[in-house]
Amino acid sequence: MVKKRPLRLIADMARKVRAYRELKSRPRDSQKYALDYETMKRPLTGKMLPVLAWPDVRKESRLFALLAGMRMFGMGRLFTRKSWLEDHPEPSYWRITKVKVDYTAENMDHGKVWGILTLKGKSEGEVKELDKVMYHDWRLVPKHMEQQMKDFEPLPEPPVRYVLYPPLVRAMLLAQHKKVFGSPVAEEPVLPLKRDVLLNKDYFRKREQENESTEGTPV
Amino acid sequence: MAASVWKRCVTAAVKVKRVSPSLSARRWMLSAAYTDTSVWESREKDPQNLAILATSMDKTYTRNLPVSSLTVSRFVDNISAREEVDQAEYYLYKFRHSPNCWYLRDWTIHSWVRQCLKYGAREKALHTIKNKVQYGIFPDDFTFNLLIDAYIEDGDFTSACSVVEEVMLQEAFDLPSTQILSLHALASYRATRPQLAVSGERALGASLLICGLRRDDTAGLGAQLLGNALLGKVEMSKGINAVFKGMPLFWGHGYLDRALAVMERVAAASGDVKLSKDTLDAMSDVLQELSSSSDSDSSGAESAGEGEEEEKKEEDTRDEDDQAEQAKLPQYVSRFKELSSQLESLGKVDSASFQASVAALAQQDLAAAEQPDLEQYLGRLQTWEAENRHLIEREKEMRVKAEQEKLERLAANVAAWQQEAAGVGTRDR
């Protein structure tokens, strides 16, 4: 048979110690996202920011730069992004529910934020982590403008249009239906022009998880 | 000198008009009942030795463990001398930069400001409030009122205006008493005719605007007009980005447009609302200054050869929208002339100055506004005391539990050693 693998206890212990030390020495948010405004470089990695972002970095502020100076780190307040203001005429904003600030930062300038997104007037309703918190793009919605933003009613979406299947596929579908059910199908099979599912990270992650769970033994 | 004489005359005139007995001869705005410290002093104390608290906090910080908000609140409560105020400032800074920074209690902040006022460390309180990012001091409305009143009492309107600026940055103009006090401070500051840099104008304009937006009377609308005018001036000279960066202001262009909209609203309103003459004068001054500076800019651009690079850079920073705004300036001037003549014909221009209208407002409404504040404050004191007691109990429980766990661990260790000793004994045999 195969020769038994030699037991290397010390090597295993060293591996665990190395993994632990790597976990402990992860850079904090304040170190990862620190920026030198003269050279537009991140001191941690030495990488430079993209040139198209430079005017924004000079003019606008990060989310936590605004949150640090607010009561309770701005919980319950609305924040927009300048890119949303330029791209979408409908108001889009995040309402903040939970803040975890990185206390090692000198000006409490970094951290993680969770909140409820309202994109183009449509609220998502569940609490998600804010992405792009470190982008120099954020603007506080002052209290006297909050009502104006919330009042916006998005237009109802136009109804979904349907289209016929290509003829060979249609014939295949009808044949399959007759084979399974015996009787010809009552109505014409149609293809909706709008996919129900938004193809983003969450969708693919959920699909993978479902696949994993079905791969286990069926009994 | 003339300004202080005028101030004294105004306050004397206001004093003559005042009939209510609650206001004393000094230039206080708030009544004695409001600024009374007896209620605060009479709450149950928790005497602790500051040195012990300080050493325990230092030890906890060196061991990288979180310090509880109860320790910090005890430290601030037990301040008894001016030097200890400085020490407390250091510990507040350290607490802010620890994982528990979110949990700094309201009563700690209130007691910190009270202690600063008691031991004559007002500048320290103002310094910590200005650097709120580093110290985490976010006072509530009552505390802000106390601080503003302390500065107004001294006649130090510059510092009073800095406090009002902080209130503006927190957008905490909820209580009518805060609004009245801030308007008074701002109006008196304006009356001293200070030489303001662009940042000072922006702060003053923003405070006036945000405070005025909460009120619908003469003083409030005048404040809105003045605020919009000052912000419009900054917008025209430096661009809209310089206006709203770091301040809770709207990012849309056209602050002068909004100022003119306020005037239109007053003209169209059916009630008794007026605008005082000096606010309209201020608006016209701003417009004149801007038009003269834009004329000189354009004439300078034609002739100059030296400052070309600088002007190019300025044009790059100011983008097309700002330039579109500047092009609208002559329109604004003509609209302003129409609207001011309309207001005069409708009889909506008040000859009293802005400061006088604010003082009249204070005399009428302040006493009435203070009552609900006081009741709310007393209620809040009760909740704070209850929370404090709850925290102390929780700390005791945690300590008892920690002791028990330690004893259990020791007992388990002893049992393990005994077993080992017995095992060793049998092996040897």
Side-chain angles (χ1 to χ4, degrees), chain A residues 24 28 30 54-86 89 91 93 96 98-113 136-149, chain B residues 61 64 66-67 93-104 106 109 129-141 144 166-174 206 209-214 224 227 238-242 244-252 258 316-319 321:
Chain A
K24 277 281 177 176
R28 300 209 66 109
S30 53
W54 289 2
D56 273 353
V57 168
R58 288 191 185 115
K59 281 203 293 190
E60 310 271 347
S61 35
R62 275 185 294 229
L63 183 56
F64 264 91
L66 302 171
L67 289 180
M70 296 176 65
R71 225 172 245 180
M72 294 226 278
F73 288 99
M75 299 238 317
R77 298 298 301 269
L78 306 182
F79 285 86
T80 17
R81 294 185 58 193
K82 174 194 131 282
S83 33
W84 288 342
L85 289 173
E86 287 177 352
Y93 49 88
I96 296 193
K98 178 176 157 193
V99 172
K100 187 165 173 252
V101 72
D102 179 15
Y103 55 88
T104 54
E106 197 186 307
N107 293 330
M108 318 298 276
D109 246 350
H110 299 90
K112 297 198 172 83
V113 188
H136 287 78
D137 204 24
W138 291 90
R139 291 192 187 171
L140 167 66
V141 175
K143 279 189 185 156
H144 48 267
M145 305 299 308
E146 266 183 17
Q147 201 51 45
Q148 202 182 346
M149 280 214 142
Chain B
Y61 279 125
N64 243 346
V67 171
Y93 179 89
K94 282 226 81 165
F95 187 73
R96 174 76 168 167
H97 290 261
S98 74
N100 275 344
C101 53
W102 197 84
Y103 292 102
L104 187 64
D106 291 338
I109 299 176
I129 294 180
K130 273 199 151 132
N131 296 21
K132 48 197 182 297
V133 170
Q134 305 294 342
Y135 292 101
I137 307 281
F138 295 102
D140 55 351
D141 309 316
F144 268 130
E166 294 305 316
V167 181
M168 179 270 295
L169 288 170
Q170 300 299 318
E171 295 185 90
F173 287 114
D174 298 319
L209 175 61
I210 296 190
C211 190
L213 275 174
R214 296 296 198 115
Q224 282 183 38
K238 298 276 171 186
I240 187 76
N241 201 281
F244 70 81
K245 174 144 191 201
M247 293 224 175
L249 291 171
F250 184 48
W251 46 80
R258 289 194 267 273
D316 285 337
T317 50
R318 252 174 279 160
D319 57 341
D321 296 323

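Since the structure is predicted, the reported quantities are computational estimates derived from the model, not experimental observations.
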[X], part contacting chain B, at a heavy-atom distance under 4.5 Å:
X	value
A/Val99	neither
A/Ala65	neither
A/Met72	both

Query raised in the report: Under the side-chain contact (heavy atoms from CB on, under 4.5 Å) criterion, do B/Trp251 and A/Leu140 qualify, and how do the steps go?
Result: CA-CA 10 Å; B/Trp251 46 80; A/Leu140 167 66; over 6 Å; no
**Report entry** Other residues, nucleotides, ligands: >12 heavy atoms within 6.0 Å of A/Glu146 CD
**Finding:** yes
Query raised in the report: Does OH belonging to B/Tyr61 count more than 12 external heavy atoms closer than 6.0 Å?
Result: yes
Requested in this report: Tell me, with the steps shown, if A/Thr104 and B/His97 meet side-chain contact (heavy atoms from CB on, under 4.5 Å).
Outcome: CA-CA 6 Å; A/Thr104 54; B/His97 290 261; over 6 Å; no
Contacting region of [X] [heavy-atom separation from chain A under 4.5 Å]:
X	result
B/Pro66	neither
B/Ile137	neither
B/Glu171	both
B/Ala172	side chain

Query raised in the report: Partners of A/Gln147 by side chain to side chain donor-acceptor pair (under 3.5 Å), sequence neighbours excluded?
Result: A/Asp151
Report task. Tell me, please, which residues at least two apart from B/Glu166 pass side chain to side chain donor-acceptor pair (under 3.5 Å). Result -> B/Lys132
Query raised in the report: Got a second to check how far A/Lys143's NZ is from B/Ile210's CD1, nearest 0.5 Å?
Result: 10.0 Å
Query raised in the report: Of the listed residues (B/Cys101, B/Pro248, B/Ser98, B/Pro99), which shares the most heavy-atom pairs with chain A below a 4.5 Å separation?
Result: B/Pro99
Query raised in the report: Out of A/Met108, A/Lys100, A/Glu60, A/Arg139, which one racks up the most heavy-atom pairs below 4.5 Å with chain B?
Result: A/Arg139
Query raised in the report: Does any pair with a residue in residues 64-74 of chain A pass salt bridge (charged side-chain N to carboxylate O under 4.0 Å, His left out), and if so which ones, sequence neighbours excluded?
Result: none
**Report entry** Which atom of A/Arg58 lies closest to which atom of B/Lys245, heavy atoms considered
**Finding:** O-NZ, 3.7 Å
Report summary line: On a heavy-atom basis, the closest approach of A/Asn107 and B/Val133 is O-CG1, 3.3 Å
Report summary line: residues 78-85 of chain A vs chain B, non-hydrogen distance cutoff under 4.5 Å, contacting residues -> A/Thr80, A/Leu85
